[in-house]
There are 2 protein chains.
Amino acid sequence: MELAAAKQKFIEAWGKLGSEWGINRTMAQVHALLLVSPEALTTEEIMKDLSISRGNANMTLRDLIGWGLVEKQHKAGERKEYFYADKDTWNIARQVAKERRKRELDPVLKILDELSNVQGDAKDPEFKTFNKTVTDINKLAKNVDKTLDTMLKAEESWFWGSIFKMFK
Amino acid sequence: MELAAAKQKFIEAWGKLGSEWGINRTMAQVHALLLVSPEALTTEEIMKDLSISRGNANMTLRDLIGWGLVEKQHKAGERKEYFYADKDTWNIARQVAKERRKRELDPVLKILDELSNVQGDAKDPEFKTFNKTVTDINKLAKNVDKTLDTMLKAEESWFWGSIFKMFK
DNA sequence: TTAAACTTTCAGTAATTATTGAAAGTTTAA
DNA sequence: TTAAACTTTCAATAATTACTGAAAGTTTAA
């Protein structure tokens with residue numbers, strides 16, 4: 001397989017994976033394209049490479065910047081903006097975990113806390129099941145939250161430090 | 001808040017979370033409904049509670065069974081099928097991890113392996129970046145895969161056993 | 001057998017989500 | 001200032017995904 005075809009395949013695979021995880025396909029593809037580009041690219045180049053419109057490219061790039069996965073660069077003496085993706089896989093994973101935690105896990109935790117405190121008749125099976133399920137899920141979610149927090153902050157901790165080395 | 005309203009809220013929250021993770025909203029809601037039901041429910045009851053059609057209910061239930069989250073039950077002397085959800089949060093998490101690994105991670109791993117082996121000019125920055133990115137992602141993905149495998153199989157391992165206790 | 005009780009399928013439609021492209025907005029340099 | 005070079009916005013439209021409901025299929029019991 002030659003490089004161009006391999007790139008193509010990588011972009012497709014990344015796009016598919018993204019869309020299976022609730023990230024829009026184009027966003028994942030733009031990210032993939034930038035990940036395999038040694039140099040920062042312009043909006044024009046991205047539009048051309050992926051055959052997408054200017055509007056789409058612009059919005060997608062802003063989203064990627066919002067996720068902390070891509071940054072704008074400026075070249076001396078040029079008006080154009082260039083876009084560059086961080087290539088450190090561990091940073092990427094961290095950044096995604098961080099954002100999803102903030103955007104999705106935290107709001108759910110708030111609701112679960114509220115629901116864990118609903119009072120009811122301890123004899124009623126309906127109530128007992130509700131209460132147990134919500135409390136259990138809340139507990140699990142809180143632990144995931146705490147763990148993510150530790151992971152995201154404290155690469156210096158001896159414990160997580162050694163876990164990380166296993167993954168890098 | 002009273003029980004009925006609390007249930008409603010839980011179903012909504014679970015549905016929203018599901019849809020953010022690429023699981024369809026109705027499927028997550030049916031699951032939520034079953035999670036807070038002490039008894040197994042019939043298709044009729046689910047249709048009524050969530051105001052969905054028979055076709056939708058049927059397909060969704062089959063999907064949930066396919067994910068290993070729900071099981072069919074039969075009551076003596078009755079023709080109707082009843083549906084019951086496993087309420088152990090750890091089992092739920094395990095089951096979801098297991099299925100997503102099989103359905104999404106494994107196919108991507110296969111492609112990444114292939115792409116890691118693409119040969120090229122070691123002097124070409126295009127090739128170097130492609131190769132490094134793909135190799136790094138492949139490494140990370142493989143480690144995630146291995147870790148999941150261990151977690152899923154070996155709750156008996158002293159190491160994961162102790163990690164699990166933190167979460168339960 | 002037959003028919004009642006139930007489950008499954010799927011073509012058509014509705015709802016949601018993503019994309020385009022052209023117009024409006026902004027910045028820079030002369 | 002002006003206008004060229006560039007970025008952003010957003011209403012219209014396309015593409016995708018989910019849902020309905022009625023018809024077809026299946027199982028059971030008499």
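Throughout, a chain's letter reflects where its sequence line sits, starting with A, and its residues are numbered from 1. Note that these values count all heavy atoms, side chains included, but never hydrogens, waters or copies made by symmetry. This is a predicted model, so every value here is computed, not measured.
Both the sub-6.0 Å distance and the 45° axial angle are satisfied by Arg100(A) relative to the ring of Trp21(B).
In this structure, CD of Glu45(A) is placed 15 Å from C1' of dC6(D), rounded to the nearest angstrom. Look at NZ on Lys75(A): it is 17 Å from C1' on dC6(D), rounded to the nearest Å. Atoms CG (Leu50(A)) and P (dT20(C)) sit 10 Å apart, rounded to a whole Å. Look at CD on Gln29(A): it is 13 Å from C1' on dT19(C), rounded to the nearest Å. A straight line from OH of Tyr82(B) to C1' of dA5(C) spans 13 Å, rounded to a whole angstrom. When the P atom of dT27(C) is taken as reference, atom NZ of Lys72(A) falls 10 Å away, rounded to whole Å. Following rounding to the nearest Å, Lys80(B) (NZ) and dA4(C) (P) show an atom-to-atom distance of 17 Å. For the pair Leu41(B) CG and dT7(C) P, the interatomic distance rounds to 13 Å; values are reported in whole Å.
Listed in residue order, the members of residues 55-70 of chain B having a heavy atom less than 4.0 Å from DNA chain C are Gly55(B), Asn58(B), Met59(B), Arg62(B). The stretch residues 9-28 of chain A touches DNA chain C through Asn24(A), Thr26(A), each having a heavy atom within less than 4.0 Å of the strand.
Ion pairing between Lys48(B) and Glu45(B) fails under the 4.0 Å rule for side-chain N and carboxylate O. Taking a cutoff of 4.0 Å between a charged side-chain nitrogen and a carboxylate oxygen, Asp113(B) and Lys142(B) qualify as a salt bridge. Salt bridge status for Asp136(A) with Lys132(A): present, with a side-chain N to carboxylate O gap under 4.0 Å. We find that Arg101(B) and Asp149(B) are joined by a salt bridge, their nearest charged nitrogen and carboxylate oxygen being less than 4.0 Å apart. Taking the charged nitrogens against the carboxylate oxygens, Lys9(A) and Glu12(A) have no contact shorter than 4.0 Å, which rules out a salt bridge. For the pair Glu44(B) and Lys80(B), the salt-bridge criterion is not met [side-chain N within less than 4.0 Å of a carboxylate O]. Ion pairing between a basic and an acidic side chain is recognised when a charged N comes within 4.0 Å of a carboxylate O; Arg103(A) and Glu20(B) show no such pairing. By the 4.0 Å N-to-carboxylate-O rule, Glu126(A) lies close enough to Lys7(B) to be salt-bridged with it.
The base of dT27(C) sits within donor-acceptor range of the side chain of Arg79(A), with an N or O pair under 3.5 Å.
The 5' end of DNA chain D is approached more closely, in terms of each residue's nearest nucleotide, by Glu44(A) than by the other of Ile52(B) and Glu44(A).
To the nearest 0.5 Å, the span separating CG on Asp121(A) from CZ on Phe127(A) amounts to 8.0 Å.
In this structure, the nucleotide among dT8(D), dT20(C), dT8(C) sitting nearest to the side chain of Arg54(A) is dT8(D).
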query = Tell me, what's DNA chain C's dot-bracket, Watson-Crick or G-U with both distances under 3.5 Å, | for other-strand, [ ] crossing?
reply = ||||||||||||||||||||||||||||||
request  = Carefully, step by step, assess Gln29(B) and Thr26(B) under the rule side-chain hydrogen bond (donor to acceptor under 3.5 Å, both in side chains).
outcome  = CA-CA 5 Å; Gln29(B) 289 184 341; Thr26(B) 303; 5.0 Å; no
